[in-house]
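To start, the structure itself, in structure tokens.
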Amino acid sequence: MYDVLPYPSAKEPWLTTARWRAIERHFREMVMRAGYREIRTPILEPTELFKRSIGEATDIVSKEMFTFVDRGDRSLTMKPEGTAPAVRACIEHNLFTEHPLLKLYYIGQNFRYERGQKGRYRQHQQLGVEVFGATDAAVDAEVLALAMSFFTSLGVSCRLHINSVGTTDCRTRYREALKAYVEPSLANLSDEGQMRFKVNPLRMLDTKDQRDLAILAGAPALREFLSEESSLHFQQLQDYLTAIAIPFRIDDGLVRGFDYYSGTVFEIKGEGLGAQDALGGGGRYDGLVEECGGAAVAGLGFGIGMERCLLALEALGIAPNQEDEAPVAFIITAGSQQEVKTAAVKLLYSLRTAGIAADMDYQGKNFRRQFKRADDVGTRFYIIIGEDEAAKGTVQLKDRSSGEQREFDAESVAEALRTGRL
RNA sequence: GCGAUUGUAGCUCAGGUGGUUAGAGUGCCAGGUUGUGGCCCUGGAGGUCGUCGGUUCAAGUCCGAUCAGUCGCCCCA
């Protein structure tokens with residue numbers, strides 16, 4: 001876990017609220033241009049929701065959930081991912097019937113009880129989209145394109161890995177074929193590989209163990225077991241991606257860790273991120289809505305890791321386009337007369353009311369130190385008020401970068417600041 | 001859940017073989033006449049040495065345990 005701070009720290013300069021807002025804004029603008037609407041769901045959900053959707057046997061459900069029993073004896077879980085809660089909410093509020101084609105986006109916190117590591121936190125934020133009600137491969141292309149352009153438009157280079165895990169039938173047939181192929185060499189497989197052979201054979205493909213890779217090198221590919229329909233859909237997706245110039249590579253070993261995926265699956269990998277290099281991932285989950293008690297509605301989506309995105313930007317030395325947090329004007333008072341201070345306070349509020357970011361010192365600093373404070377907060381203009389000005393109802397306006405200074409009526413200074421010129 | 005590694009001011013780090021009131025740089029605060037900033041000069045505050053226990057006349061330093069961080073495995077965002 002970590003704190004997101006208002007100022008960069010030496011240890012983790014990427015962890016600032018300004019950067020977070022910049023990324024969130026970038027994401028929002030992108031998905032809203034593509035017609036997505038925001039959904040926000042609670043952090044807590046019934047544990048059952050995740051068991052049914054993600055799958056009992058998955059790592060997430062079996063060992064990584066923050067689960068507890070509440071005072072009413074219900075088992076609640078802090079959401080480990082955003083899709084199932086979104087599906088639950090849409091069913092509950094009949095959004096699928098009201099909006100047969102539903103395009104949603106979310107920005108939310110997820111919780112997984114894992115060992116911390118670079119780019120992996122027990123509480124992490126995901127930026128995601130979900131599209132319900134369309135099986136057209138063009139939608140798959142849209143979702144993948146959104147995820148990719150999110151990164152490329154930020155200047156992060158990344159690789160798109162895609163695969164198709166087909167329908168339940170395809171996977172069942174493939175699972176048998178794969179087991180039959182591996183069985184003779186089972187004893188030579190790593191401990192981990194042997195365990196997966198029993199529990200979840202498809203996951204054997206997702207290994208980094210050299211021996212296992214050697215054994216699996218000649219194994220049949222899941223792609224060869226896809227039904228004609230799944231196969232065609234996957235081909236269409238590739239054609240669309242090619243048409244819109246999104247580079248991709250087919251990764252036969254890409255098998256994701258949630259049980260609800262069907263058909264298209266993908267992962268986006270970045271560079272310079274250490275072991276946790278998945279920037280985002282997702283896929284199609286056509287049976288999920290039904291599984292959660294809704295109608296047969298097709299769906300697909302992706303999740304992008306906020307922290308990994310920020311880390312990737314940091315590794316590349318890219319600062320996201322952040323909004324300016326510095327005030328336009330900083331008011332400085334000379335002399336200790338109460339009239340001066342009162343004139344300054346009056347001016348401060350009239351500037352803010354006029355929509356100008358303005359600030360002043362409240363620590364009773366001397367004249368010289370007020371300038372230092374103004375420099376620290378990065379103001380563009382100094383506004384100086386002394387006894388003479390307070391008496392005349394004027395101020396001195398000084399440009400910090402040029403050093404130029406002119407006297408203005410207190411009433412007209414807002415206008416000068418708005419034009420940004422003396 | 002497993003493995004490796006680190007823990008001394010806000011931050012980056014010094015502190016041979018144990019030995020008085022634990023240091024530097026930087027940052028912070030103040031002063032250098034509250035009428036002109038960035039620089040500079042001077043001064044100041046700030047540390048139960050991660051925590052607990054042990055060895056010793058004596059522990060930041062040696063030993064054990066524990067906690068936290070980091071990195072990796074697993075898995076994923």
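Below, chains carry the letters A, B, ... as their sequence lines are ordered, and counting in each starts from 1. Side-chain atoms are counted along with the backbone in the values below, which use heavy atoms only and exclude waters and symmetry mates. In this text, all values refer to a predicted model and were calculated from it rather than measured experimentally.
Here the closest non-hydrogen pair linking A/A344 and A/I385 is CA-CD1, 3.7 Å.
Note on A/I304: nothing from the nucleic acid sits closer than 4.0 angstrom, heavy atoms only. Counting non-hydrogen atoms under 4.0 angstrom, A/E389 reaches a base of the nucleic acid. Contact annotation for A/G281: backbone-only contact, meaning every heavy-atom pair under 4.0 Å involves sugar-phosphate atoms and none involves a base. Residue contacts shown for A/D375 include a base, since a base heavy atom lies under 4.0 Å away. Among the protein residues, A/L127 comes within range of no part of the nucleic acid, since none of its heavy atoms lies under 4.0 Å from any strand. Within the nucleic acid shown, A/N110 has no heavy atom closer than 4.0 Å to any nucleic acid atom.
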Show me the protein contacts with nucleotides 32-34 of chain B, counting only N or O atoms at under 3.5 Å.
{"residue": "B/G32", "atom": "N7", "partner": "A/R368", "partner atom": "NH2", "Å": "2.3"}
{"residue": "B/G32", "atom": "O6", "partner": "A/R368", "partner atom": "NH1", "Å": "3.1"}
{"residue": "B/G32", "atom": "O6", "partner": "A/R368", "partner atom": "NH2", "Å": "2.8"}
{"residue": "B/U34", "atom": "O4'", "partner": "A/F367", "partner atom": "N", "Å": "3.2"}
{"residue": "B/U34", "atom": "O2'", "partner": "A/G335", "partner atom": "N", "Å": "3.3"}
{"residue": "B/U34", "atom": "O2", "partner": "A/G335", "partner atom": "N", "Å": "3.3"}
{"residue": "B/U34", "atom": "O2", "partner": "A/G335", "partner atom": "O", "Å": "3.3"}

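Contact annotation: A/R122 does not reach the phosphate of B/A77 (side-chain N/O to OP1 or OP2, under 4.0 Å). Residue A/R203 places at least one side-chain N or O closer than 4.0 Å to OP1 or OP2 of B/C76. Within the 4.0 Å cut-off from OP1 or OP2 of B/G72, at least one side-chain nitrogen or oxygen of A/Q117 is found.
Between A/F266 and A/F302, the two ring planes are perpendicular [angle over 60°; tilted spans 30° to 60°].
Within the structure, salt bridge (Lys or Arg N to Asp or Glu O under 4.0 Å) contacts touching residues 165-175 of chain A (residues at least two apart or in different chains) do not occur.
Judged by atom type and distance alone, A/Q405 reaches the base of B/U36 through a side-chain donor-acceptor pair under 3.5 Å. No N or O donor and acceptor, one from the side chain of A/Q109 and one from the base of B/A77, sit under 3.5 Å apart. A donor-acceptor contact under 3.5 angstrom links the side-chain atoms of A/K398 to the base of B/U36.
Looking at the side chain of A/R400, the nearest of the listed nucleotides B/G37, B/G35, B/C71 is B/G37. The side chain of A/A10 lies closest to B/C11 when the candidates are B/C11, B/C76, B/G1.
When the options A/Q123, A/H124, A/Q126 are evaluated for a side chain to side chain contact (heavy atoms under 4.5 Å, CB included) with A/Q109, the one that passes is A/Q123.
Every residue meeting the side-chain hydrogen bond (donor to acceptor under 3.5 Å, both in side chains) condition with A/R88, not counting sequence neighbours, appears here in chain and number order: A/E45, A/E92.
Base-pair partner of B/C29: B/G43 (Watson-Crick or G-U wobble, both distances under 3.5 Å).
Residues A/Y382 and A/D376 each lie close to RNA chain B; by heavy-atom proximity, the contact nearer the 5' end of the strand is made by A/D376.
A donor-acceptor pair shorter than 3.5 Å can be found between the side chains of A/E407 and A/T394.
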